[in-house]
2 protein chains.
Amino acid sequence: MKRLRSETHSLDEIDARLLAALEQDARQPISELARLVGLSAPSVSERIRKLQESGIIRSFTVDIDTKALGYPIGAMVRVRPLPGKIHLVEKLIQEIPQFIECYKLTGEDAFFAHMLVRSVEEMDDVLESLVDHAMTYTAVIKTTPVKRRLPPL
Amino acid sequence: MKRLRSETHSLDEIDARLLAALEQDARQPISELARLVGLSAPSVSERIRKLQESGIIRSFTVDIDTKALGYPIGAMVRVRPLPGKIHLVEKLIQEIPQFIECYKLTGEDAFFAHMLVRSVEEMDDVLESLVDHAMTYTAVIKTTPVKRRLPPL
DNA sequence: GTTGAAAATAGCACGAA
DNA sequence: TTCGTGCTATTTTCAAC
């Protein structure tokens, strides 16, 4: 059980603009960010440090095009574990690297997992490894109408 | 309709290690990345440039803790548009900023959307704006057994 | 928060494998 | 082609205000 922590950091307009700019390009120079938000470079540096310290910025990372990486097929899998199998199923999903994201949800479909595969055969392999422990409902991703973005700040 | 493009870039071991390192911290100095993969800084610079050029790296971005940002509730919403309403529903989802991610899927539940809200009331507001055009099934996220990660390289 | 100097870092041209 | 070296330019950090 994780400890609840009150995040005291409150965002002002400039922090919001900084986060938006960093979301678009996290490797742009501090000096450029400073120009964008109208502050000096050291101020921006300090704000970014505080955003990390307060936990709002978890990390700087890359957005990878998984198709270009060799995974042409993405799918969303709803997973309903058989009675008594929830923990086993959770562990299996964590151990199968083709699942690149998984949420545990309220309701009967305990897990919702994002799967990437190189072929339909590979998809079958992945699903087979769950078949003894859960019901699965798989839907292939056709398009992405909304790409990951920030909520309103 | 987007043009199909054959991505000719093929990853070697060093590219894979670079991507993994960038995923962990996209702002670390090139010189540090060079040390990690055992090449000189200019070589690493050039490799990163090529990974971007080939589209494998789409962008450098930040991983934000949305709870710390003030959105304590996340939910997954399956959206089944009423007949003839698919395009309207897609547009609505795109315009509602509490949806931070949305996939269009095969099967009857055309859309799957990731929602962030500050309260249960706000969740109701968001869902109300779809109620005339679609059936929705909402499940609240309890935990995240697998956080976004790279597939096997 | 800002400014200005020192230190660290990145980019470029060129030569080597 | 791909990588390494040395040089220059840019960027970041630190101190003082």
Participant: Does A:Gln28 CD have over 12 foreign heavy atoms under 6.0 Å away?
Facilitator: yes
Participant: Can you name the residues that form a salt bridge (Lys or Arg N to Asp or Glu O under 4.0 Å) with A:Lys50, not counting sequence neighbours?
Facilitator: A:Glu46
Participant: Just how far, in rounded Å, is C1' of D:dT1 from CZ of B:Arg49?
Facilitator: 13 Å
Participant: Counting only side-chain N and O atoms of B:Ser40, is one of them less than 4.0 Å from OP1 or OP2 of D:dC3?
Facilitator: no
Participant: Kindly confirm or rule out a cation-pi arrangement of A:Arg78 over A:Phe112, judged by NZ or CZ under 6.0 Å from the six-membered ring centre and within 45° of its axis?
Facilitator: no
Participant: Starting from C1' on C:dA10, measure out to CD on B:Glu46 and report it in whole angstrom.
Facilitator: 14 Å
Participant: What nucleotide among D:dT12, C:dG1, D:dC3 has an atom nearest to a side-chain atom of B:Leu39?
Facilitator: D:dC3
Participant: Taking the ring centre of each residue, are A:His114 and A:Tyr103 less than 6.0 Å apart?
Facilitator: no
Participant: By the 4.0 Å heavy-atom rule, please label A:Ser45 as base, sugar-phosphate, or nothing.
Facilitator: sugar-phosphate
Participant: Give me the atom names and distance for the closest heavy-atom approach of B:Ile93 to B:Ala113.
Facilitator: CG2-CB, 4.5 Å
Participant: Check this one for me: any side-chain N or O of B:Ser31 less than 4.0 Å away from OP1 or OP2 of C:dA8?
Facilitator: no
Participant: Figure out the CG/P separation between B:Leu33 and D:dC3, and round it to whole Å.
Facilitator: 15 Å
Participant: Mapping A:Arg47 and B:Pro29 to their closest nucleotides on DNA chain C, which lands nearer the 5' end?
Facilitator: A:Arg47
Participant: CG of A:Asp25 versus P of D:dT11: gap in Å, rounded?
Facilitator: 13 Å
Participant: Are the side chain of B:Arg118 and the backbone of B:Tyr71 linked by a donor-acceptor contact shorter than 3.5 Å?
Facilitator: no
Participant: For B:Glu32 and D:dT11, what is the distance between atoms CD and P respectively, to the nearest whole Å?
Facilitator: 21 Å
Participant: Nearest whole angstrom, please: distance from the P of D:dT11 to the CD of A:Gln28.
Facilitator: 12 Å
Participant: Mind checking if B:Pro42 touches a base, just sugar-phosphate, or nothing, with heavy atoms under 4.0 Å?
Facilitator: base
Participant: In whole angstroms, how far is the P atom of C:dA10 from the CZ atom of B:Phe60?
Facilitator: 12 Å
Participant: If we fit an axis to the first five pairs and another to the last five of the helix from C:dG1-D:dC17 to C:dA17-D:dT1, what angle do they make, to the nearest 10°?
Facilitator: 40°
Participant: So does B:Ser59 get a backbone contact from the side chain of B:Gln52, meaning a donor-acceptor N/O pair under 3.5 Å?
Facilitator: no
Participant: Whole angstroms only, please: what is the CZ-P distance between A:Arg27 and D:dT10?
Facilitator: 18 Å
